[in-house]
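What follows is one structure encoded as structure tokens, with my remarks underneath.
We number each residue from 1, following the sequence as shown.
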Amino acid sequence: MSPLLNPSKTLILSHPLLRPNLKSPPSVLLSGDRIPLRSRSNGLRRIASKLRTSEGSKGGEAPGKATKKKEIVFFEAAAPPVAEESRGIAGNEGIREGKEGFGGVPPWGFLKTAPKRVLALLSNLPLAIGEMFVIAALMALGTVIDQGEAPDYYFQKYPEENPVFGFVTWRWVLGLGFDHMFSSPVFLGMLVLLAASLMACTYTTQIPLVKVAKRWSFIQSTESIRKQEFADSLPRASIQDLGIILMGAGYEVFTKGPSLYAFRGMAGRFAPIGVHLAMLLIMAGATLSATGSFRGSVTVPQGLNFVVGDVMNPSGFLSYPPQVFNTEVHVNKFYMEYYDSGEVSQFYTDISLFDLDGKEVMRKTIRVNDPLRYGGITIYQTDWGFSALQISKNGEGPFNLAVAPLKLNGDKKLFGTFLPTGDTDSPNVKGISMLARDLQSIVLYDQEGKFAGIRRPNSKLPIEIDGMKIVIEDAIGSSGLDLKTDPGVPIVYAGFGALMLTTCISYLSHSQIWALQDGSTVVVGAKTNRAKLEFNQEMNRLLDKVPELIGSDDTSNS
């Protein structure tokens with residue numbers, strides 16, 4: 001069938017020189033005759049003719065009516081430069097006038113195409129995968145390199161004289177900020193680059209796919225339907241019966257004349273966008289945690305207090321101290337529980353919080369894995385210590401002896417104190433030594449360093465050493481607390497929750513079905529994006545349910 005011209009428009013053809021691949025001059029169909037465009041003139045040549053359209057074409061004239069004359073205008077002069085987007089050449093007058101940019105492209109033409117090129121580069125899947133691998137490698141490196149230590153620590157551990165792996169020295173660690181990896185410019189830059197890739201992919205790929213999926217696309221050709229992934233024909237069937245069965249299977253069904261369109265699982269198309277947004281939330285929360293939080297640690301003896309703001313240190317340039325930093329923390333009591341073997345099983349701290357007016361605003365006994373949360377501050381129980389030993393000597397006292405930790409090899413703790421006897425101004429002061437591994441038993445030694453005995457605090461049982469009667473009244477422990485404010489935690493939790501939900505939704509199949517009533521036959525075509533084998537089996541089951549029309553050759557009459 002010859003192509004027909006639209007009689008409502010004027011056809012403008014470009015100069016033949018712009019079509020070097022044509023072996024013969026171009027021509028136009030006029031009333032079924034082919035007129036070669038061989039004669040040329042310096043001006044315009046107008047050819048008047050009657051144009052006709054097919055009887056079934058839209059906008060065609062009714063038979064019997066006279067057709068209108070239309071003019072086809074041919075330009076013999078050279079046409080303006082054609083825009084070639086693939087080569088980056090802008091077809092405008094600026095090129096002819098000599099206003100060219102780099103490589104023959106005008107500056108404004110490059111600026112117009114630059115955003116598209118940047119989006120295409122950022123949305124590249126291999127690039128995004130590479131960014132995630134780099135971020136994972138940096139995170140692994142952050143677990144290998146000790147974080148937050150003093151510079152002297154890195155000078156000793158990564159010396160220039162003996163570099164790790166032959167090239168890693170303290171200059172690499174401190175210069176790249178790997179001593180605080182998760183707030184370093186390299187790590188944050190990779191997060192920003194990955195976020196840009198996710199947003200570009202969402203804008204250029206996922207959102208257009210959703211827009212296309214939301215359209216009702218009726219197919220009017222049986223050949224196009226049969227080209228789908230699944231295709232079948234139902235003789236002596238009705239498209240209305242097929243629509244009812246599809247509705248019962250959970251499909252959204254639309255009909256238009258003899259055509260049918262149905263879909264199911266639209267949420268699966270939105271899921272990739274949700275996954276990208278969830279990942280952006282996680283990265284935003286992690287960035288805020290790394291650059292906008294405060295952290296601090298303190299060891300507080302029982303009965304003493306401290307102000308929150310005095311022990312908190314900012315972790316990044318977004319850290320801003322809240323008003324709650326004026327809160328005072330008082331350690332009411334510290335105590336521990338032990339296993340039958342004598343090992344420490346758990347330690348507790350009874351804490352009270354006071355505002356600026358001295359009013360108690362909160363009180364709680366914390367332990368490991370059970371912190372206190374107030375006003376965005378979280379107080380964790382992380383460690384314990386031995387602060388002082390309270391004793392009585394010869395019925396006098398009690399006296400508080402400061403206890404100091406002693407260095408041991410391994411994780412075991414040992415604390416010691418000394419009770420002087422005799423002249424304390426003498427250079428060779430003698431006294432009683434006391435050692436303890438925990439708060440439940442004290443080992444005593446006399447002036448000669450000989451073992452004298454063991455006493456439990458609060459037992460009120462005296463022990464006589466070198467003519468002195470000593471009673472261990474109490475062992476005062478100290479609580480090791482970690483404090484932090486982390487504004488990114490709620491965002492990270494929300495991101496992970498959304499990621500789990502949208503990941504599950506993304507496994508839902510988006511299925512589309514087209515059907516066309518062709519006489520007494522219904523031609524059906526379908527496709528899906530997931531579980532294609534199961535989908536074909538489901539389609540066969542659904543089509544088996546379509547009733548067969550008996551006693552009629554044409555469904556339009558039944």
All salt bridge (Lys or Arg N to Asp or Glu O under 4.0 Å) counterparts of [X], not counting sequence neighbours:
X    : result
R455 : none
K157 : D146
K393 : none

message: Please enumerate all residues that pass side-chain contact (heavy atoms from CB on, under 4.5 Å) together with A196, with sequence neighbours excluded.
response: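 By the side-chain contact (heavy atoms from CB on, under 4.5 Å) rule, A196 matches L122.
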
Shortest non-hydrogen separation from [X] to [Y] and the atoms involved:
X    : Y    : value
F334 : L439 : CE2-CD1, 4.1 Å
V308 : I377 : CG1-CD1, 3.6 Å
N400 : I476 : OD1-CD1, 4.3 Å
T349 : S479 : OG1-OG, 2.6 Å
H330 : N332 : CD2-OD1, 2.8 Å
Q390 : P398 : CG-CB, 3.6 Å

Are [X] and [Y] side-chain neighbours, meaning at least one heavy-atom pair lies under 4.5 Å?
X    : Y    : value
Q440 : R456 : yes
L304 : V331 : no
L119 : K116 : no
P462 : V471 : yes
S459 : I472 : no
S509 : F535 : no
P371 : I366 : no
R295 : D486 : yes

- request: Begin from the C-alpha positions of F167 and W172 and carry the test ring pair (Phe, Tyr, Trp, His ring centres under 6.0 Å) through to its verdict.
  value: CA-CA 9 Å; F167 66 95; W172 281 79; 5.7 Å; yes

Under 3.5 Å, side chain of [X] to main-chain N/O of [Y], donor-acceptor pair present?
X    : Y    : result
N394 : E396 : no
R530 : G268 : no
T169 : P163 : no
E360 : S352 : no
D482 : Y380 : no
T502 : A271 : no
Q381 : G480 : yes

Step through the shown structure and confirm whether more than 12 heavy atoms of other residues, nucleotides or ligands are within 6.0 Å of [atom1] on [X].
X    : atom1 : result
F496 : CZ    : no
F399 : CZ    : yes
Q323 : CD    : no
D310 : CG    : yes
K532 : NZ    : yes
Y338 : OH    : yes
K527 : NZ    : no

field: Residue pair K413, D383: steps toward the side-chain contact (heavy atoms from CB on, under 4.5 Å) verdict
entry: CA-CA 11 Å; K413 293 186 177 184; D383 202 1; 2.6 Å; yes

message: One pair to check against side-chain contact (heavy atoms from CB on, under 4.5 Å): M283 and L198. What are the steps and the verdict?
response: CA-CA 11 Å; M283 290 187 292; L198 290 175; 3.5 Å; yes

- prompt: When W384 is tested against each of Y335, F415, Y348 for ring-ring contact (aromatic ring centres under 6.0 Å, His included), which residue passes?
  reply: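 In the set Y335, F415, Y348, the residue that makes a ring-ring contact (aromatic ring centres under 6.0 Å, His included) with W384 is F415.
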
query: In a check of ring-ring contact (aromatic ring centres under 6.0 Å, His included) between W170 and each of Y158, Y154, F155, which one passes?
result: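 Of all the options given, the one that passes is F155.
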
Got a second to check how far [X]'s [atom1] is from [Y]'s [atom2], nearest 0.5 Å?
X    : Y    : atom1 : atom2 : answer
L127 : C201 : CG    : SG    : 11.0 Å
M434 : L444 : CE    : CG    : 5.0 Å
M199 : S123 : CE    : OG    : 12.5 Å
K484 : S289 : NZ    : OG    : 7.5 Å
L174 : H180 : CG    : NE2   : 9.0 Å
E131 : L191 : CD    : CG    : 10.0 Å

message: With no hydrogens and no angle check, just 3.5 Å: does a side-chain donor-acceptor pair link T528 and E229?
response: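 No.
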
Distance-only donor-acceptor check, side chains S293 and S315, under 3.5 Å: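 Looking only at side-chain atoms, S315 and S293 do form a donor-acceptor pair, the distance falling under 3.5 Å.
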
- prompt: Do the rings of Y445 and F451 sit parallel, tilted or perpendicular, given the 30° and 60° boundaries?
  reply: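 Ring orientation, 0 to 90° scale: perpendicular.
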
message: Using side-chain contact (heavy atoms from CB on, under 4.5 Å), reason through T202 and I207 one step at a time and then give a plain yes or no.
response: CA-CA 6 Å; T202 302; I207 292 179; 4.0 Å; yes

query: Between L209, L508, I505, V210, which is the residue that forms a side chain to side chain contact (heavy atoms under 4.5 Å, CB included) with F270?
result: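 One option only clears the test, and that one is V210.
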
field: Pairs satisfying ring pair (Phe, Tyr, Trp, His ring centres under 6.0 Å), at least one member in residues 181-207, at least two apart
entry: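 Qualifying pairs: F182-F187.
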
- prompt: Which residue pairs pass the salt bridge (Lys or Arg N to Asp or Glu O under 4.0 Å) test with at least one member in residues 329-353, sequence neighbours excluded?
  reply: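 Every pair satisfying salt bridge (Lys or Arg N to Asp or Glu O under 4.0 Å) with a residue in residues 329-353: E343-K412, D350-R363.
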
message: Run the side-chain contact (heavy atoms from CB on, under 4.5 Å) test on I391 and E473 for me, step by step, so that the C-alpha distance in whole Å, both residues' side-chain angles and the decisive distance to 0.1 Å come before the verdict.
response: CA-CA 5 Å; I391 67 168; E473 299 287 349; 5.5 Å; no

